[in-house]
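Below is one structure, written out as structure tokens, with a few remarks after it.
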Protein chains: 2
Amino acid sequence: MLSSSSKYAVNAVLYLAVHSNDKNKIRAKEIAEAIKLPSPFLSKLLQSLSRENLISSSKGPTGGFYLTKQALNTPLIEVVNIIDGTSRLEDCVLGLKKCSSEQPCPVHYSVQPLKQKFRKELQENISVFAEKVKNGEAYLFV
Amino acid sequence: MLSSSSKYAVNAVLYLAVHSNDKNKIRAKEIAEAIKLPSPFLSKLLQSLSRENLISSSKGPTGGFYLTKQALNTPLIEVVNIIDGTSRLEDCVLGLKKCSSEQPCPVHYSVQPLKQKFRKELQENISVFAEKVKNGEAYLFV
DNA sequence: AAAAATTAAGACAATTAAGTCCCAAAATTA
DNA sequence: TAATTTTGGGACTTAATTGTCTTAATTTTT
């Protein structure tokens, strides 16, 4: 469904959404420890997200990563799109090159609506999912 | 969602469901050509399915693979379970070890019902999907 | 009984994904 | 300005998945 990398990235972004802002940047190492991930690997993911301006960063002591208010209003699925690309969630479940309502694969009508709903659910903004964690309705680890 | 291997396997099984029976066995090579797959690799997948008695086989000239009537009444998801195992479709989308309604991840309630529905759709018997191909409602290649 | 055709099994190779490491660039502190 | 701390970028390593090849076992045909 999602690659390991984008799972990590989503976790990290939600961690930032909950704990960071432009006054309170968070180092890669701290995030890595929080979500139990090797820090060099996480750094690379964060850099990819930063390069695409989904998250913000600054260097040096007191530096780190953070989310702007604008970034909080980005659909969560953008994280996945940056790390995995879009095809992973869009391609035919059976791997057929041309699969559509004109030429459906055998599972198309069973599965395609679910895939679409999945993408739609992840269109919800990052802030929406972060709020659940702040409220104690959802958890990021364990 | 599914590994490449299990996509291939599902295709191959549906091909057998449509074209084979105990009087009409089909060689790995023919299936491989039909679904455009390297034949040695497909052979290995077919062997895994045969070892688990999901498909049947016989050796020698006139040998090949086929589905029994009983096998046609197996849920399609069994193919995936044999090739990928079950965890791929059951584990938390964000990769959290313990993710449940007691301790849900932030996307749990958005996504978990869809995953369950996905598995449920693939619980439908192989024959159901094969019929769609026979009817011309669905296609296996291109 | 021998030859040919097929599946079975497992070792091997190639590719991709995951993860590490090193050094440069930028910012802060002293 | 020098030392320190952080991100940025890219080369490198490791692990997992995908794909190939060789040989054995079984069945059919002649």
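So that the names make sense, note that chain A is the first sequence line, chain B the second, and so on, each numbered from 1.
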- Message: On DNA chain D, does the nearest nucleotide to A:K44 precede the nearest nucleotide to B:D84 from the 5' side, or the other way round? Give the residue.
- Response: A:K44
- Query: Does any non-hydrogen side-chain atom of B:I55 lie less than 4.5 Å from one of B:L16?
  - Reply: yes
- Query: Think B:Y8 has a side-chain N or O under 4.0 angstrom from the OP1 or OP2 of D:dT18?
  - Reply: no
- Message: Applying a 4.0 Å non-hydrogen cut-off, can you work out what B:S43 is touching in the nucleic acid: base, sugar-phosphate, or nothing?
- Response: nothing
- Note on the structure: dist B:N81:CG -> B:E52:CD (nearest 0.5 Å) comes out at 10.5 Å
- Query: So which of residues 55-72 of chain A are in contact with DNA chain C, with a heavy-atom cut-off of under 4.0 Å?
  - Reply: A:K59, A:G60, A:P61, A:T62
- Task: Examine distances only and state if a side-chain atom of A:S100 and a backbone atom of A:Q103 form a donor-acceptor pair shorter than 3.5 Å.
- Result: yes
- Message: Is it the case that the side chain of B:T68 and the backbone of B:A71 share a donor-acceptor pair, with hydrogens and angles ignored and the cut-off at 3.5 Å?
- Response: yes
- Message: So if I take residues 45-53 of chain A and measure heavy-atom distances to DNA chain D, which residues fall below 4.0 Å?
- Response: A:Q47, A:S50, A:R51
- Task: Once you apply the 3.5 Å cut-off to both distances, tell me the Watson-Crick or G-U wobble partner of D:dT18, or none.
- Result: C:dA13
- Message: Among B:V80, B:I77, B:L140, which residue satisfies the side-chain contact (heavy atoms from CB on, under 4.5 Å) criterion with B:V10?
- Response: B:V80
- So what does B:K29 touch, heavy atoms closer than 4.0 Å: a base, only the sugar-phosphate, or nothing? nothing
- Is B:V128 reachable from B:L72 through a run of I, L, V, M, F, W or Y residues, each pair having side-chain heavy atoms under 4.5 Å apart? no
- Message: Could you tell me the boundaries of the chain A footprint on DNA chain C, defined by atoms under 4.0 Å from its heavy atoms?
- Response: C:dA18 to C:dT29
- Answer yes or no: are there more than 12 heavy-atom neighbours, outside A:E90 itself, under 6.0 Å from its atom CD? yes
- Check whether B:Y139 and B:F129 end up in the same hydrophobic cluster, where Ile, Leu, Val, Met, Phe, Trp and Tyr are linked by side-chain heavy atoms less than 4.5 Å apart. no
- note: B:L42, atom CG; D:dT17, atom C1'; distance rounded to Å ~ 17 Å
- Give the ring-plane orientation class for B:F141 versus B:Y15, where under 30° counts as parallel, over 60° as perpendicular and anything between as tilted. tilted
- Item | side chain to side chain contact (heavy atoms under 4.5 Å, CB included) between B:K25 and B:T62, intermediate numbers included | CA-CA 7 Å; B:K25 297 157 195 164; B:T62 78; 5.5 Å; no
- Query: Under the 3.5 angstrom rule, does the side chain of A:K132 hit a backbone N or O of B:V107 as a donor-acceptor pair?
  - Reply: no
- Could you check how far CD1 of B:I83 sits from C1' of D:dT17, rounded to whole Å? 13 Å
